[in-house]
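For reference, the structure is listed below as structure tokens.
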Amino acid sequence: MAVVYKKADNIITSLGFSTAENFEAVVNGISGLSYHPEGTLGVPEAFYASIIDTSKIEEAFAQISKEGQLTRFEKLAILSVYKACSNIDIDLSSNTTLFVLSTTKGNVGLLEKQNENDFNNDALFLSHSAKVIAQFFGNNNNPITISNACISGVSAQIVAKRLLNTGKYKHAVVVGLDELTKFIISGFQSFKALSVDACKPFDANRIGLNLGEGVGTVILSVTEDESTLPKGTIVLENGAITNDANHISGPSRTGEGLFLALQNIMQGRKTEEIGFINAHGTATPYNDEMESIALTRAGLQSVPTNSLKSYFGHTLGAAGLIETIISSEAMLQNKLIKSLGYETCGVSMPLQIITQTTSTEVNKYIKMVSGFGGCNAAVMMKKIG
Amino acid sequence: MKLFIHKYCHITNSSLSINGKLLYQNTEELASNDFLTTIYREEKVAYPKFFKMDNLSKTGFLAAEMLFKETSIYGEQPKLKTGMFISNKSASLDTDEAYQKTLGEEYFPSPAVFVYTLPNILMGEIAIKHKLFGENTFFVSELFDYDSIYDYVCETFSETNMENALVGWIDYYHNDCAAFLMLVERENKENWIEFNTKEIVKL
């Protein structure tokens, strides 16, 4: 039975340009979110979000390439893949290396320039971005692009795992990314989904989410023999993707899709095996309530649970990757990460929300996500002991 | 893993066909979205939410409707073992452009438009209509990536207890509508075509 495991990773957010910097900030309870006054990114209303400093991106990118024709989106993805691979020996240009891009909106920020002369309309297509990223590394396979709303980052890892299982590829470079743009912020504002302060996942006083921008990259590899993997290797055991079949923009009241995904990945496993659950925890009233119902229906309400949204904001196509990478690092270091912003239970089915970052043995955890279009996904991650 | 194509549907700006048999022709040369509405009315679907959908969702919705009707999938009963694996080139760019227009000098972003700026919403619409709780993933590629979609669908069937799935291509951009959707099944009931890349290319 083929086993898919993580070889390397990288995170880029306002908290830093490496996984280590981001993880350290999270362990120290530091959030990347801040207040942005009206007019920021051309948005007429103020908002609270995590934004990566463009001058830092340019500076970091100049150190790896002189390529000037790339968009900010493409540079961010390339930087993250480059940094993820800096300490491992894999041939990114090989026909056995597959690139998988997870994004909801790609270069959508360029849309406001669509009416300008010499605008390159191709750049708006997500598959174009995926090609640019893969070809930067000399890879000529058809890259896979996943655009599955807020579950994209977890979907992309499941897709990579299944395609690695076919035996056609040895490695998959899974990069998830969305930029913060006027397009995205205005949309969430129109939904009245944004909190004007730092978000409070699962708390009684939560009023909405914060957006964030970031990149998460994992390099996944496959082996036929798990016993060859060194101690501490992170394995993507299994994953499931489901739908609520209920509403295109609101979560199911019964948590149907998420419950089914959790039930699926828990098959043959006991609750006690699960060290913690990293929830989607957007801090909108409906999402967190739905998650509490789904977790309780799946018998997982006693497992320590957190949300990382109050550190990074909701990073959309990157969320499933960034949050999996941080959670895997927490499992590796045997830590439970505090769910920042939580004080009082604000969901109808009480959960064990983690209120202090503490040390405890962790060998498995669950990452779960839900998104517009009624989609849900969950993965079971384990550590080789 | 052997899988089978129960039915397949093509929609273009000028026609809709099932299993290669022409069912609707756009003889009046209507705009694609009006042609879709004509088919909806002829089919007597009676699903008012159709009119709220963007053109990408309308295309996917109609293709699914045509494939599911007269099968056991049609109807209100929950289906836990039906998946969706749909791809296209333009993602939701057609609606993205419409939404972007609401952010100009007259700033008036609409949540009803914004929600359709995600391509997987079309799978959400199909899931709601047909009560599909199964696997659903939206892929974006310049051309239909037969090889990867085939591999992914086979792998997902073998890893899960999925019984059938909608697999194909649904694209809508600048009045250009293109759909090729298959209903793929685990069991072969009536000498259906085998689901493999050679056969898919022929369809």
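Values reported hereafter were calculated over all heavy atoms of this structure, with side chains retained and with hydrogens, waters and symmetry mates removed. Just so it is clear, the structure is predicted and the values come from calculations on it, not from any experiment. In what follows, chains carry the letters A, B, and so on, assigned in the order in which the sequence lines appear, proteins first and then strands, with residues in each chain numbered from 1.
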Please classify the contact of [X] with chain B as side chain, backbone, both or neither, using a heavy-atom distance under 4.5 Å.
| X | result |
| --- | --- |
| His128(A) | neither |
| Lys168(A) | side chain |
| Asn121(A) | side chain |
| Asp244(A) | backbone |
| Ile146(A) | both |

Polar contact flag, side-chain donor to acceptor under 3.5 angstrom, [X]-[Y]:
| X | Y | answer |
| --- | --- | --- |
| Asn175(B) | Ser32(B) | no |
| Asp178(A) | Thr103(A) | yes |
| Thr12(B) | Ser14(B) | yes |
| Glu74(A) | Asn107(A) | yes |

Residue among Ile5(B), Val167(B), Ile73(B) satisfying side-chain contact (heavy atoms from CB on, under 4.5 Å) with Leu183(B): Ile73(B)
Six-ring centre of Phe4(B), Lys189(B) cation under 6.0 angstrom, axis tolerance 45°: no
Aromatic Tyr40(B) / basic Lys58(B) pairing, under 6.0 angstrom, 45° off normal: no
Strictly under 6.0 Å, is that where the ring centroids of [X] and [Y] end up?
| X | Y | answer |
| --- | --- | --- |
| Tyr150(B) | Phe195(B) | yes |
| Phe85(B) | Tyr152(B) | yes |
| Tyr169(A) | Phe99(A) | no |

Plane angle bin for Phe180(B) and His10(B) - parallel if under 30°, tilted between 30 and 60°, otherwise perpendicular: parallel
Pairs of heavy atoms under 4.5 Å with chain B: top-ranked of Val43(A), Thr242(A), Asn148(A), Asn246(A): Asn148(A)
Contact winner vs chain B - Gly42(A), Ala240(A), Gly374(A), Pro44(A), heavy-atom pairs under 4.5 Å: Pro44(A)
Pick from [options] with the largest number of heavy-atom pairs that fall under 4.5 Å of chain A:
| options | answer |
| --- | --- |
| Gly83(B), Ala91(B), Ser110(B), Gly134(B) | Gly134(B) |
| Val113(B), Asp145(B), Thr102(B), Thr160(B) | Asp145(B) |
| Phe114(B), Phe139(B), Phe108(B) | Phe114(B) |
| Glu159(B), Met123(B), His130(B) | Glu159(B) |
| Lys101(B), Lys131(B), Glu97(B) | Glu97(B) |

Proximity breakdown for [X] and chain A, heavy-atom pairs closer than 4.5 Å:
| X | value |
| --- | --- |
| Ser92(B) | side chain |
| Glu125(B) | both |
| Tyr116(B) | side chain |
| Tyr107(B) | side chain |
| Asp151(B) | both |
| Leu80(B) | side chain |
| Leu93(B) | side chain |

Working for ring-ring contact (aromatic ring centres under 6.0 Å, His included), residues Phe372(A) and Phe191(A): CA-CA 12 Å; Phe372(A) 276 3; Phe191(A) 259 101; 5.3 Å; yes
